[in-house]
Amino acid sequence: MNVYARWRPIATSEAVLEEIARQTDSTSHSLTSVSIKRRALAEDGLWTSPAAFHAAFNPEDNNAKLYNDVVAPSIPRVLCGENASFFAYGHSGSGKTHTVIGYDLRESRNLELCLRAARQLFDAFNTRNAGQGLGVGLSVFELRRKTAFDLLNNRTQCFDREGPDGKVHIRGSTEMLDGGKVRVRPIIQQPCWDFASFQQALGKALEQRATGSSSVHEQSSRTHAFLQLEIVNQELVDARNALFERQSELVPVGKRATDIMVEEDTKSVVRGVDGEWVPNPHYRKDQTRIDTIEAEKARCEARVAAAEGDIEAIVQSPSTTCLGAKIVFVDLAGAEYYAENGHRPQASKQTLQERQEGRQINSDLLALKEVMRAWSQGQTRIPFRSSTLTMVLREHFTSTAKGNSTIIVTVSPAAEQFAATLNSLKYASLVGAVKT
């Protein structure tokens, strides 16, 4: 797990206040420790982190430098078929959303990490992969408390479900289709074939994101936002749509097969005088009826398996080794901390619901820290089930090579936010100091 720290610029409203005294020191292992003190002349002691950070970015370092140093080195690996993930962690108002997503996606002069990654992918498609019709499949959803919302589908409520493959899938509601077909709507993946369409789709999705009042920020992101960029082509998109169609055919047939089996079993037994269930002498199980529906179910299952095989063949094709590779950006909700006196700044402005959300966010982030530590150490048991957040992230951890997953902790230089900054640095250093 690569760990970076980023100091945001001091805000205009904070300019009259003293800044946190800070410094960085590199070690022989190419890792950096961060030292902070509330004020340069303060009497309280200096806190120094372990050698845990790959680098610490100063307030004058813009997103272009951050991208070139942190994200860009992973793009060639993604183009070779590997996955990469980037997490932005920090307290409310520390600059997470500005770093990962940005606020004005129409502004092309100062793109944030996600848009820069998409642009680099499209540039690579236009040069190294000309003629292969590659694009980026965009999925955007958020977790608020324990519920997922699909931001590309008008913020439709979704559900996280663990499938037979052991992976957690984000699914929508059940839809009734023509001909008795039933489909569980998957989360929307918008295929984008150029950077402009990607930028437009992402901007439309992020308009649906929820905000609320936090301890230090009136319009804080109160959700964990997931932006997944997957390399796709039209053949892969069509094959997945075909799989959804085959699955929609299987669902009603499978239900009918179960109903028939239950009905025949029920008719074939009666309750005896002693209260026990015994064979019904007046009814013979209609095995032909059962065999007919089971054969139809088997045919549907075979079509589903064939569709899954088609997808696997496309993804494994030697001519397009990067198909299916993913870059995941996670803009985590703002962590909240109590000040030394036990009170939050502006706590009186928060509703009971907002305070409950704050507790849930902190619980999620604690669970994520434990997962990151266990995963970095290569432990056999990783506590993914500790929260909905970590369950959703399980696939990204297990499919991402070591060294290709990164956490960026954003921190404020304002002295009045010293406690929150200290806790953010402690959180990140616990992950980064793990020796693999």
Side-chain angles (χ1 to χ4, degrees), residues 139 141 143 146-150 153-154 156-189 235-316 324 381 384-388 390-392 394-395 398-399:
S139 301
F141 68 93
L143 285 179
K146 297 184 179 182
T147 305
F149 298 91
D150 186 353
N153 191 21
N154 297 317
T156 301
Q157 183 175 346
C158 299
F159 310 92
D160 58 286
R161 298 289 185 265
E162 186 172 353
D165 56 0
K167 298 179 181 179
V168 174
H169 303 271
I170 304 298
R171 301 292 192 190
S173 57
T174 301
E175 300 177 343
M176 303 302 297
L177 307 179
D178 295 337
K181 297 178 182 179
V182 179
R183 178 175 64 185
V184 178
R185 179 77 184 185
I187 188 171
I188 295 291
Q189 184 185 75
E235 185 181 15
L236 180 59
V237 171
D238 293 341
R240 286 176 173 168
N241 288 334
L243 174 60
F244 298 149
E245 182 69 17
R246 300 290 83 78
Q247 290 173 334
S248 70
E249 295 170 351
L250 173 60
V251 171
V253 173
K255 181 179 184 304
R256 192 158 63 251
T258 300
D259 291 344
I260 289 175
M261 180 65 73
V262 170
E263 181 182 344
E264 292 297 325
D265 286 344
T266 302
K267 290 180 179 179
S268 63
V269 295
V270 294
R271 191 180 296 276
V273 294
D274 58 355
E276 298 292 329
W277 292 100
V278 297
N280 184 356
H282 304 294
Y283 186 81
R284 185 174 182 178
K285 185 182 294 187
D286 190 343
Q287 192 61 44
T288 300
R289 184 186 181 208
I290 295 173
D291 292 343
T292 299
I293 190 62
E294 286 294 329
E296 184 180 356
K297 177 183 174 183
R299 287 192 294 271
C300 289
E301 290 175 335
R303 287 195 289 268
V304 169
E308 292 173 338
D310 291 342
I311 294 174
E312 185 68 18
I314 293 170
V315 171
Q316 297 299 327
R381 181 187 177 278
F384 288 115
R385 293 184 178 275
S386 298
S387 74
T388 303
T390 51
M391 286 185 66
V392 170
R394 177 168 61 182
E395 179 186 357
T398 56
S399 65

- When rounded to the nearest 0.5 angstrom, what distance separates CG in Leu250 from CZ in Arg299? 12.5 Å

- Item | From Gln157 atom CD to Phe149 atom CZ, the distance as rounded to the nearest 0.5 Å | 5.0 Å

- So which of Asn153, Ile170, Thr156 actually passes side-chain contact (heavy atoms from CB on, under 4.5 Å) with Ile187? Ile170

- Polar side-chain atom of Thr147 near backbone of Leu143 as donor-acceptor pair, under 3.5 Å: no

- Query: Roughly how far apart are Met261 CE and Ile290 CD1, rounded to 0.5 Å?
  - Reply: 4.5 Å

- Look up atom CD in Gln287 and atom OG in Ser268, then write down how far apart they are to the nearest 0.5 Å. 10.5 Å

- Mind checking the CD1-CD spacing from Ile260 to Glu296? Nearest 0.5 Å is all I need. 8.5 Å

- Message: side chain to side chain contact (heavy atoms under 4.5 Å, CB included), that's the test. Do Arg256 and Ile293 meet it? Break it down for me.
- Response: CA-CA 8 Å; Arg256 192 158 63 251; Ile293 190 62; 3.7 Å; yes

- Message: Restricting to non-hydrogen atoms, name the atom on Glu264 and the atom on Tyr283 that form the minimum distance, rounded to 0.1 Å.
- Response: OE1-OH, 2.7 Å

- Message: As an exercise, state the distance from CG of Asp238 to CG of Leu243, rounded to the nearest 0.5 Å.
- Response: 12.5 Å

- State, to 0.1 Å, how close Glu235 and Ile314 come at their nearest heavy-atom pair, and which atoms those are. CG-CD1, 3.5 Å

- Item | Minimum heavy-atom distance between Val262 and Thr266, given as atom pair plus value | O-OG1, 2.7 Å

- Task: Considering non-hydrogen atoms only, spot the tightest contact between Gly275 and Arg271 and give its length.
- Result: O-NH1, 2.8 Å

- For Ala257 against Glu294, the heavy-atom pair lying closest together: CB-OE2, 4.0 Å

- Task: Might you confirm whether atom NZ of Lys255 has over 12 heavy atoms from other residues, nucleotides or ligands at distances under 6.0 Å?
- Result: no

- Please, which pairs that meet salt bridge (Lys or Arg N to Asp or Glu O under 4.0 Å) have at least one residue in residues 274-286, sequence neighbours excluded? Asp265-Lys285

- Nearest heavy-atom neighbours spanning Ser139 and Ile188: OG-O, 3.4 Å

- Item | Residue pairs, two or more places apart or on separate chains, that pass salt bridge (Lys or Arg N to Asp or Glu O under 4.0 Å) and touch residues 300-313 | Glu249-Arg303

